[in-house]
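Worksheet: one structure, shown below.
Proteins come first, then strands; the chains are lettered A, B, ... in the order of their sequence lines, and each starts at number 1. Being a predicted model, the structure only gives us computed values, none of them experimental.
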Protein chains: 2
Amino acid sequence: MSDKERDEVRQRRHKPVELDDIDRKILRELAKDASQSYAELSQSVHLSTAAVHDRVKRLKRDEVITGTVARLDGCKLGRTLLTFVLVDTSSYAATRELLAFNVRPDVEEIHSVAGDSSVMIKVRANDTESLEAFLMEVQRLEGVRSVRSYIALSTFLERGPIPD
Amino acid sequence: MSDKERDEVRQRRHKPVELDDIDRKILRELAKDASQSYAELSQSVHLSTAAVHDRVKRLKRDEVITGTVARLDGCKLGRTLLTFVLVDTSSYAATRELLAFNVRPDVEEIHSVAGDSSVMIKVRANDTESLEAFLMEVQRLEGVRSVRSYIALSTFLERGPIPD
DNA sequence: ACTGAAAGTTACTAAGG
DNA sequence: CCTTAGTAACTTTCAGT
């Protein structure tokens, strides 16, 4: 692998994209409400619609913007029980098994976390019964040492990444 | 307050909205990609564009769809260190103080969780130094008993609520 | 890199079935 | 819930600065 190729990979993996104040303002606006038109956006940043269009296109090409999605209300969908589940496993094999839970519609996040080969799972279950069923499925896996659950009582903030 | 009024409030707060299979399909599609046109959506659900339009309008009115947002790449923004911070406080007053962290751009989620008046904070810091600065700010608060940090090594799934 | 305007699509509404 | 149709609003492109 040449220096150039390695640098390109490194850049793709690690290096943040260079953004100016206007880029950040656009990103903040779109992270808050992506349904607004380029005309509205252009007023926020004091640029023409075409200029905003170019910048948004670049931000999408550079994958700073990875997509546009609808935010849904968990309660209105019947998912009333948000829980963070911390699973401690004795092997990486068990950790890998946990990743298969990504097919469940009530599982929203899966992260491996530092320390004792653990996995953090954010699950929004319909009710206590389905949470219990989920926890039992996790417990049942080979190599699962412990499962700790943190049930959310109130949510005060919930959003995605935004720039400084 | 009349029975009718109370029921309306109750419905607004607790009762999930009645959804059929087509509604759920539309919601899944929009949660995945809200930039697609009604023409594309109508092909997914085998309905006319006008019918899809009506349904989406209803889903927004009923606040099943709470908004449309751009998903941003944390790494591309320079936020490389995702951490779940579990704060144990000795009083509700201290818990309330933690809510003030919602103004920080690196804090993405704040939930109160069951047991020992704890708070779960999801923070996506720029680097280890800014994470340390954040943790020290939390530690410094009156009534904070303990702070446990779970640093994410890899993220395998990260999305919002979707219907069954 | 931005502007202004033109060209092409889509969103939205309404009427009739 | 369907189709058709029509307008307004929006996205996208491009020549010009």
Side-chain angles (χ1 to χ4, degrees), chain A residues 7-8 11-12 15-73 76-78 160-164, chain B residues 11 15-73 75-78 160-164:
Chain A
D7 280 352
E8 278 169 359
Q11 175 170 357
R12 217 168 287 142
K15 201 168 147 197
V17 174
E18 293 238 352
L19 303 169
D20 64 17
D21 288 347
I22 294 176
D23 291 328
R24 281 188 284 269
K25 174 74 172 165
I26 290 172
L27 291 171
R28 265 190 298 271
E29 285 292 327
L30 290 179
K32 201 169 54 184
D33 177 14
S35 72
Q36 58 190 310
S37 67
Y38 287 110
E40 289 173 288
L41 263 182
S42 68
Q43 290 192 325
S44 299
V45 300
H46 308 294
L47 248 60
S48 69
T49 61
V52 173
H53 187 269
D54 281 351
R55 280 171 180 263
V56 172
K57 201 164 83 178
R58 193 194 75 229
L59 291 167
K60 283 179 176 164
R61 177 176 53 76
D62 294 346
E63 291 176 299
V64 181
I65 299 173
T66 57
T68 303
V69 300
R71 292 185 120 272
L72 308 184
D73 183 320
K76 294 283 169 65
L77 297 175
I162 55 172
D164 283 311
Chain B
Q11 175 169 358
K15 203 169 146 195
V17 174
E18 293 238 351
L19 305 168
D20 63 18
D21 288 347
I22 294 177
D23 291 327
R24 281 189 284 270
K25 174 76 172 164
I26 290 172
L27 291 171
R28 266 191 298 270
E29 285 291 328
L30 291 179
K32 200 168 57 184
D33 178 14
S35 71
Q36 57 191 311
S37 66
Y38 287 109
E40 290 173 286
L41 261 183
S42 69
Q43 290 193 323
S44 299
V45 301
H46 309 295
L47 247 60
S48 70
T49 62
V52 172
H53 191 271
D54 281 350
R55 280 171 181 262
V56 172
K57 200 165 83 177
R58 193 193 75 229
L59 292 167
K60 284 179 174 163
R61 176 176 53 76
D62 294 347
E63 291 176 300
V64 181
I65 298 173
T66 58
T68 303
V69 300
R71 293 185 119 270
L72 309 184
D73 183 319
C75 289
K76 294 283 169 64
L77 297 176
I162 54 173
D164 284 310

Lys/Arg N to Asp/Glu carboxylate O, A:R55 vs A:D23, below 4.0 Å: yes

Main-chain N/O of B:D164 paired to B:R28 side chain as donor or acceptor, under 3.5 Å: yes

B:E40 (side chain) donor-acceptor with B:S37 (main chain) under 3.5 angstrom: yes

Protein-nucleotide distance (B:R58, atom CZ; D:dC1, atom C1'), rounded to Å: 12 Å

Heavy-atom side-chain contact between [X] and [Y] under 4.5 Å:
X: A:D62; Y: B:D73; value: no
X: A:L59; Y: A:L19; value: yes
X: A:T49; Y: A:H53; value: no

Nucleotides 10-17 of chain D: protein proximity per nucleotide (B base, S sugar-phosphate only, - neither; heavy atom, under 4.0 Å): SSBB----

Opening and closing nucleotides of DNA chain C in contact with chain A, under 4.0 Å to non-hydrogen atoms: C:dC2 to C:dG4

Contacts of A:D33 that satisfy side chain to side chain donor-acceptor pair (under 3.5 Å) - sequence neighbours left out: A:S35

Working for side-chain contact (heavy atoms from CB on, under 4.5 Å), residues B:D21 and B:R24: CA-CA 5 Å; B:D21 288 347; B:R24 281 189 284 270; 2.8 Å; yes

